[in-house]
Amino acid sequence: MLTATEITRYTADGYLPGRPLLTAHETAFYRAGCEAGCGPIKRDGTRRQSSNRVKPYLLFPWAAALVRHHRILDCVQSLIGPDLMVFHTTVWLKEPYSETFVPWHQDATYFGLAPFEHVTAWVALTDSTPENGCVQILPHSHTTGQRPHFDQPDPKAMLSRGQTLADAIDESRAVALQLAAGEVSFHHTLAFHRSGINRTGERRIGIGVSYIPTRVRHVGTTRLSATLVRGTDTYGNFDHEPTPLVDEDDAALGAHADSVGRFWKASESIPAMALAH
Ligand SMILES: O=C(O)CCC(=O)C(=O)O
C-alpha cells in the first residue's frame, strides 16, 4: 500500500513517479507475452481500429494477470478505494528510432467517465527514458479541470486524430517519468501528459491500465463493460467482462470485439471521446 505521504503527493501533484512493483521474472514474462501477441495498430482512414493493443486483458491470460497484479492493485486501492474495475488498457509500443509521439492530453477527455477519479497505472516493460520517449507530466495540472482539446492529425501521433490540449503549456515545468523496466507510475485522469519520439535502437514498451472505482459511471447512453479486479460492485454501472483462458481463442476474441465495439459506439455519442485510446 502507499504511505499517507505518497497519497498526499498524488493528490497535490496529480501523479506518482515510478516504483518497482514487478520482479525481473514477471517483467520478462509480461514483455514476452506482449511482444508475441500485440500486433500493429490498424487504421481505417483517420480512425484507430480495434486491435489487440487495446484492452489486451480480454485477449491474453498474461495481460489479464498483469491488470490484476496485487502490488499494482494495492497502490491503486490506496488512491481510489477497495472496489476496483479496469475500464481500459493500452499497449504503448515505440519501435527503435520511431518518430511516433503522444501529444499533450488529459485521459479524461476520451473516456466519458464521472466523477474524475480514474487512475492510469503506467507499467514499464522496458526502461523508459527521455531518450526513448518516456511519459512527461505537468505537475498540478489535474487541478484545472477538464480542458479543451483540438484535433491535429499527424500520422506520427499515437492518439488517432492527434488530439492536443488547447492550453499553452509551460514545458519547462514538465517532469520526465523515467522508469526502469518493472516500475509503475500513476497519473490522475486530468493530469496533462505527453511523450516524445524514440531516439534509441531499442523498443520502448509501456502498458497504461485505466482503473476506476466501481462508483464511477459512464456519462453516455451506451452501456459499456469493464472488469472487476478487486472488491465488490454494488453499483452495476458496467457489464462485467470475462477473463480469457487461452490466447485469442474464439471466446476471448468475441468478448474483446464486444467490449471494444461498445467503446467505439460510445465515443460516437461523446465527440470529445472519439477513439483516442
Ligand atoms: O506511453 C506513452 O507514450 C503515452 C501514455 C499515455 O498517454 C497514457 O498512459 O495515458
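These figures come from a predicted structure and were not determined experimentally. One-based numbering, in listed order, for ligands and for the atoms of each.
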Please determine which of H118, H187, H88 meets the side-chain hydrogen bond (donor to acceptor under 3.5 Å, both in side chains) test together with D107.
->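 Among H118, H187, H88, the one meeting side-chain hydrogen bond (donor to acceptor under 3.5 Å, both in side chains) with D107 is H187.
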
Short N or O distance, S195 and ligand 1, threshold 3.5 Å exclusive =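 Yes, at least one N or O pair falls under 3.5 Å.
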
For ligand 1, which part of [X] has a heavy atom less than 4.0 Å away: the side chain, the backbone, both, or neither?
{"X": "H187", "value": "side chain"}
{"X": "T90", "value": "neither"}
{"X": "H193", "value": "side chain"}
{"X": "Q106", "value": "neither"}

With heavy-atom distances below 4.0 Å as the criterion, list the atoms of ligand 1 near [X].
{"X": "D107", "answer": "10 (O)"}
{"X": "H105", "answer": "7 (O), 10 (O)"}
{"X": "V102", "answer": "3 (O), 4 (C), 7 (O)"}
{"X": "W122", "answer": "1 (O), 2 (C), 5 (C), 9 (O)"}

Any heavy atom of R194 sitting closer than 4.0 Å to ligand 1?
-> no

Tell me, please: is K94 in heavy-atom contact with ligand 1, that is, under 4.0 Å?
->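 True for this residue.
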
Short N-O contact, [X] and [Y], less than 4.0 angstrom:
{"X": "K55", "Y": "E241", "result": "yes"}
{"X": "K156", "Y": "E99", "result": "yes"}
{"X": "R215", "Y": "D233", "result": "no"}
{"X": "D239", "Y": "R223", "result": "yes"}

Sub-3.5 Å donor-acceptor pair from the side chain of R53 to the main-chain atoms of W92, do we have one?
->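 It does not hold such a pair.
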
Below 6.0 angstrom between ring centroids: does that apply to H105 and H193?
-> yes

Between V209, V76, L21, L179, which is the residue that forms a side chain to side chain contact (heavy atoms under 4.5 Å, CB included) with V184?
-> L21

